[in-house]
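Remarks on the structure that follows.
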Amino acid sequence: MAKIDIGPPDYRKNLHPVIIKNYGQWKFHDYVKPGVLRHVAHSGDMLYSIRAGSPRLVSIDFIRDICDLADEYCGGYLRFTSRNNIEFLTDDETKIEPLIEACEAKGLPVGGTGASLSNIVHTQGWVHCHTPATDASGIVKAVMDDLFEYFKRDDLPARLRVALACCLNMCGAVHCSDIAILGVHRTVPVINHDIIRKGTEIPTLVASCPTGAIRPDPKNKSVVIKDEKCMYCGNCYTMSPGMQIMDPENDGIAILVGGKVSNARSVPMFSRLVIPFLPNNPPRWPETVEAVRNIVETWIKHARKGERVGEWIERIGWERFFTLADIPFSDKCIDDYIFSRETFRTTAAFKY
Amino acid sequence: MPEDKKTPQLDELEKGPWPSFVTEMKRAAEKNPAASDLLGLLERSYEDKTGHWKHGGIVGVRGYGGGVIGRYTDLPEEFPNLREFHTMRVNHPSGWFYTSESLREICDIWEKHGSGLTNFHGSTGDIILLGMKTEELQPTFDELSDAGYDLGGSGSDLRSPSCCVGPARCEYACYDTLDMCYDITNEFQDELHRPMWPYKFKIKMSGCANDCVAAIARADCSVIGTWRDTIIIDQEEVKKYAESGMNIQRVVCDKCPTRALEYDAEKKELTVIPEDCSRCMHCINMMPKAIQPGKEKGASILMGGKSTIVKSAFMSWVIVPFMKMEPPYDEFKDMIRRIWDWWDENGKTRERLGELIYRVGMTTFLKEVGLPPVPQMVFRPRANPYVFWQPEDFEEHK
C-alpha cells in the first residue's frame with residue numbers, strides 16, 4: 001500500500017553541482033548562439049543550457065534517448081522549460097558542439113532561445129480530450145514544420161510565443177500569446193434527452209450556461225436551448241454528455257494575436273481575435289499554417305526591434321494591422337460579450 | 001501492422017523537420033497494444049474530424065479524490081485496448097529539474113503498467129502518464145510512491161503549483177520560487193489530493209515580472225517576484241555596453257514605460273529616477289550585466305487569473321503589492337487559507353476565485369478576507385459615484 005501525501009520529489013536532489021554551488025548567486029546570462037544560454041555566477045562559474053525542441057507527446061523511449069544524451073554530455077543533468085523544451089545542463093564548454101550534433105542526429109532541433117519562436121504549448125486535442133473542436137499535436141507539428149527556421153534563428157524583432165488550445169476551455173491558456181490557435185465550436189449543442197434524463201442534474205446544467213440559453217423542460221424531464229443566446233462555449237457539455245457540442249462539419253480554428261504575459265515595457269495583454277474561423281483540414285491544416293505564417297512574416301517585416309506582436313500592433317493601430325496583414329475585418333472581430341465596451345474606440349483619432 | 005491499422009494521414013505528420021509525435025506514438029505502439037489502438041483511433045479522428053473520447057468516469061486511487069482523469073473511447077468494439085485509457089498526473093519537481101536516473105525510474109514504472117506514452121509536461125506542469133487500465137491505477141501509484149513520487153491535482157482542488165527556474169539558474173529571481181513551490185505544495189497536500197472546492201485553484205510562482213510561467217494569465221494566485229527599493233546600476237558595465245555599440249538611449253531609455261531612466265551619452269552614465277520606476281524588468285533584460293533588481297526583494301501577489309471559460313479570460317490583479325517571501329511563508333499561507341475559506345463559502349459551482357470577486361465586488365472581497373485597500377490594486381479609481389456605503393462609514397463621523 002502506497003504512502004499518501006508524500007508530495008513532489010525534492011528538486012534539490014536533481015540539481016547540477018554547479019547550480020548547487022551558485023544557487024541564487026548568478027550574475028548575468030547571455031546567448032552563445034541560438035539554442036545555447038550561458039549563465040555566469042559571481043564566483044566566475046559558468047553553466048551552459050542547450051535547449052532542444054520536443055513534441056511533448058513522447059514515448060518512454062524518447063525520454064530514455066534524452067537521458068542517454070544527458071548521461072553522455074551533461075553528467076545526467078537536464079530540465080524541461082515551461083514551453084516543453086528540453087534543456088541539457090553542463091559546465092563544460094567543450095561539450096556544447098558535440099551535444100548539439102548528437103541532438104540534431106536524433107532529430108531534436110536545438111534553438112528556441114532569445115528572439116526566436118519557442119515551442120508551441122498545446123493541449124491534448126483528439127489524442128485524449130473529450131471536448132475538442134480540433135486536434136492539437138497535429139496542427140502544432142504542421143505549424144512548427146513550416147516556421148522551423150524561426151526556431152533556429154534568434155534575430156526576430158522579439159520573442160514569439162505561439163500557443164494552441166483545442167477548445168475554449170483553453171487548458172493551454174492561449175489567451176495571452178503572441179499568436180493563439182484556438183479550436184472553436186460554432187453550432188448549438190445537440191441534446192440527447194435520454195442521456196439528460198438518465199443522469200444529469202438539471203439545475204446544475206441550467207446554471208452552467210453563462211448566457212442563460214438553457215431552460216428546464218419539466219414536461220420532458222430535460223432541457224431546451226434558446227438557440228440565439230448560445231455562443232457555443234461548451235460549458236454545458238462539460239456538465240453533461242447529453243449536450244453534444246462537437247460538430248465535425250462546423251468545428252474549426254480561430255486565430256487570436258497580440259497577447260503577452262511579461263510586464264516588460266508594456267502591461268500584460270490578451271490576444272485578440274483577428275480570424276474568426278478556419279476549417280479543420282487534417283492532416284496538415286494548410287489554411288491555419290498559412291495564416292500563422294502570414295502574421296509572423298508581416299510582423300517581422302514591419303515591427304521595430306524589440307517589439308512583441310502586440311506591442312507592434314498597439315503602436316501602429318489594429319486598423320493598420322488588418323491592412324498590413326491583408327486580413328479582412330468582419331463583424332465577428334467586434335466583441336459582443338460581457339466586457340466588450342472597453343474594446344470600442346472612444347476617440348475620434350484613428351488611421352485608415 | 002495489419003492492413004486495417006494503416007494510418008495514411010498520421011504518416012504525413014512524420015514528415016518535416018520538427019520532431020513528430022506520430023513517430024513517438026509508433027514507438028510506443030511497438031511495445032504496447034493500447035498505444036497501437038491509439039494510433040488507429042487518432043487516424044479515425046483525422047478521417048471523421050471529431051474526437052472519440054467519452055466523458056471521464058470517476059476512477060482513482062485509494063485515499064485520493066484527484067490525480068486521475070478517467071477516459072473511455074466511444075469506439076470500444078473497434079479499439080478494445082482503449083476501453084479504459086486513463087491519465088495519471090504525477091506531481092513534477094520544482095522547476096522541472098531531473099537527473100537521467102530519476103526520469104528512467106519513471107519510464108520503467110510506466111513501461112510495466114501503461115501505454116508508454118507521456119506528456120513532458122501537462123499544461124499545469126505535471127508529468128502526464130497517458131493511457132492505462134483501471135486495474136493498473138493502484139499498482140502504478142504504489143510503485144510511484146515507493147520511488148518518491150506523488151500525484152498532482154485534478155477536479156475541484158488545488159492543482160499542482162508550478163514555478164519558474166528561479167535562483168537555480170536565473171539572476172533575476174527576487175525570491176526562491178523553487179523552494180516556495182516545494183514548501184507550499186507539501187503544506188497543502190490535503191487541498192491538492194481531495195477536491196472540496198467550487199472549482200480548481202492554481203498557484204504559480206514567477207521570480208520576476210518577466211513571468212516565465214505565465215502566472216498572471218493562468219493562475220488564480222500569481223506570485224510574481226519584485227523589489228521595494230531601487231534598481232542597482234553598475235556604471236562601469238554601462239560604459240562597456242555603450243562601447244560595444246548599444247544605443248542605450250533608444251533600446252533602454254526610450255522603451256522605459258515610465259521614462260524613469262536618463263542617459264548621459266557624453267559621460268556614458270545611466271541614472272534612474274527611483275520614484276518613477278515601475279519595476280517592469282525591461283532595462284534589466286536589456287542590460288543584465290549593468291542593472292540589477294534592488295536589494296529589498298519579495299513578491300507581488302495577484303489573484304483572479306483564469307482562461308476564457310466562461311465569463312471571459314481574466315488576468316490576475318494586485319491583491320498585495322509587496323510581501324517578503326521567505327520560509328516558512330506563514331504570511332502567505334495565512335492569507336491564502338482565509339481566501340480559500342471565503343471562496344469556498346461564497347463561490348458557486350465552477351466559479352473561479354476571480355469570477356467570484358467580480359460578481360460580489362472587490363471591496364466586499366477585501367473587507368471579508370481582511371486585506372487593506374491600496375492604490376496599487378487599480379490602474380485608476382472608479383469613474384462613478386455608486387459606492388456601497390456601510391454603517392461603519394457613518395460611525396466614523398460621529
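Every chain is numbered from 1, with letters handed out A, B, ... down the list of sequences.
A salt bridge is defined here as a Lys NZ or Arg NE, NH1 or NH2 lying under 4.0 Å from an Asp or Glu carboxylate O, and A/Glu249 with B/Lys49 fails to meet this definition. Using a 4.0 Å cut-off between a side-chain N of Lys or Arg and a carboxylate O of Asp or Glu, A/Arg64 and B/Glu111 qualify as a salt bridge. The pair A/Asp65-B/Arg27 meets the salt-bridge criterion, with a side-chain N (NZ, NE, NH1 or NH2) lying under 4.0 Å from an Asp/Glu carboxylate O. A salt bridge between B/Asp142 and A/Lys3 is absent, with no side-chain N of the basic residue lying under 4.0 Å from a carboxylate O of the acidic one. B/Arg194 has a carboxylate O that lies under 4.0 Å from a charged side-chain N of A/Asp5, or vice versa, which qualifies the two as a salt bridge.
Neither the backbone nor the side chain of B/Glu43 comes within less than 4.5 Å of any heavy atom of chain A. Interface residue A/Arg12: only side-chain heavy atoms are found under 4.5 Å from chain B. In this structure, the portions of B/Arg62 lying under 4.5 Å from any heavy atom of chain A include both its backbone and its side chain. Interface remark: B/Leu42 contributes side-chain atoms only to the contact with chain A (heavy atom separation under 4.5 Å). Interface residue B/Ala168: backbone and side-chain heavy atoms are both found under 4.5 Å from chain A. For B/Leu144, no part sits under 4.5 Å from any heavy atom of chain A, backbone or side chain. Both the backbone and the side chain of B/Leu178 come within contact range of chain A, with heavy atoms under 4.5 Å apart. Looking at B/Ile128, only its side chain comes within 4.5 Å of chain A, counting heavy atoms on both sides. In this structure, chain B has no heavy atom under 4.5 Å from any part of A/Leu69. For B/Lys306, the part sitting under 4.5 Å from any heavy atom of chain A is the backbone (N, CA, C, O) and nothing else. With a 4.5 angstrom heavy-atom cutoff, B/Leu38 touches chain A only via side-chain atoms. Contacts between A/Cys233 and chain B at a heavy-atom distance below 4.5 Å involve backbone atoms as well as side-chain atoms. For B/Asp108, the parts lying near chain A are the backbone and the side chain together; criterion is any non-hydrogen pair under 4.5 Å. Neither the backbone nor the side chain of B/Met286 has a heavy atom closer than 4.5 Å to any heavy atom of chain A. In this structure, the portions of B/Thr87 lying under 4.5 Å from any heavy atom of chain A include both its backbone and its side chain. Of the two parts of B/Phe85, the backbone and the side chain both hold a non-hydrogen atom closer than 4.5 Å to a non-hydrogen atom of chain A. The part of A/Val267 that comes within reach of chain B is its side chain, from C-beta onward, which places non-hydrogen atoms under 4.5 angstrom from that chain. B/Ser20 touches chain A through backbone and side chain together, each having a heavy atom under 4.5 Å away.
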- Query: What's the verdict on side chain to side chain contact (heavy atoms under 4.5 Å, CB included) for B/Asp176 and A/Tyr23, showing C-alpha distance, side-chain angles and the deciding distance?
  - Reply: CA-CA 10 Å; B/Asp176 192 338; A/Tyr23 196 89; 2.6 Å; yes

- Check against ring-ring contact (aromatic ring centres under 6.0 Å, His included), A/Phe80 and B/Tyr98: CA-CA 8 Å; A/Phe80 293 81; B/Tyr98 294 94; 5.7 Å; yes

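In summary, the aromatic rings of B/Tyr172 and A/Trp26 are positioned with their centroids too far apart to meet the 6.0 Å limit.
If you check the side chains of A/Ser262 and B/Asp211, you find no donor sitting under 3.5 Å from an acceptor. A/Asn84 and B/His121 are not linked by any side-chain donor-acceptor pair at a separation below 3.5 angstrom, with hydrogens and angles left out of the test. Using modelled atom types, one finds no donor on one side chain facing an acceptor on the other under 3.5 Å when comparing B/Arg350 with A/Ser208.
Between B/Asn119 and A/Gln124, some side-chain heavy-atom pair lies under the 4.5 Å cut-off.
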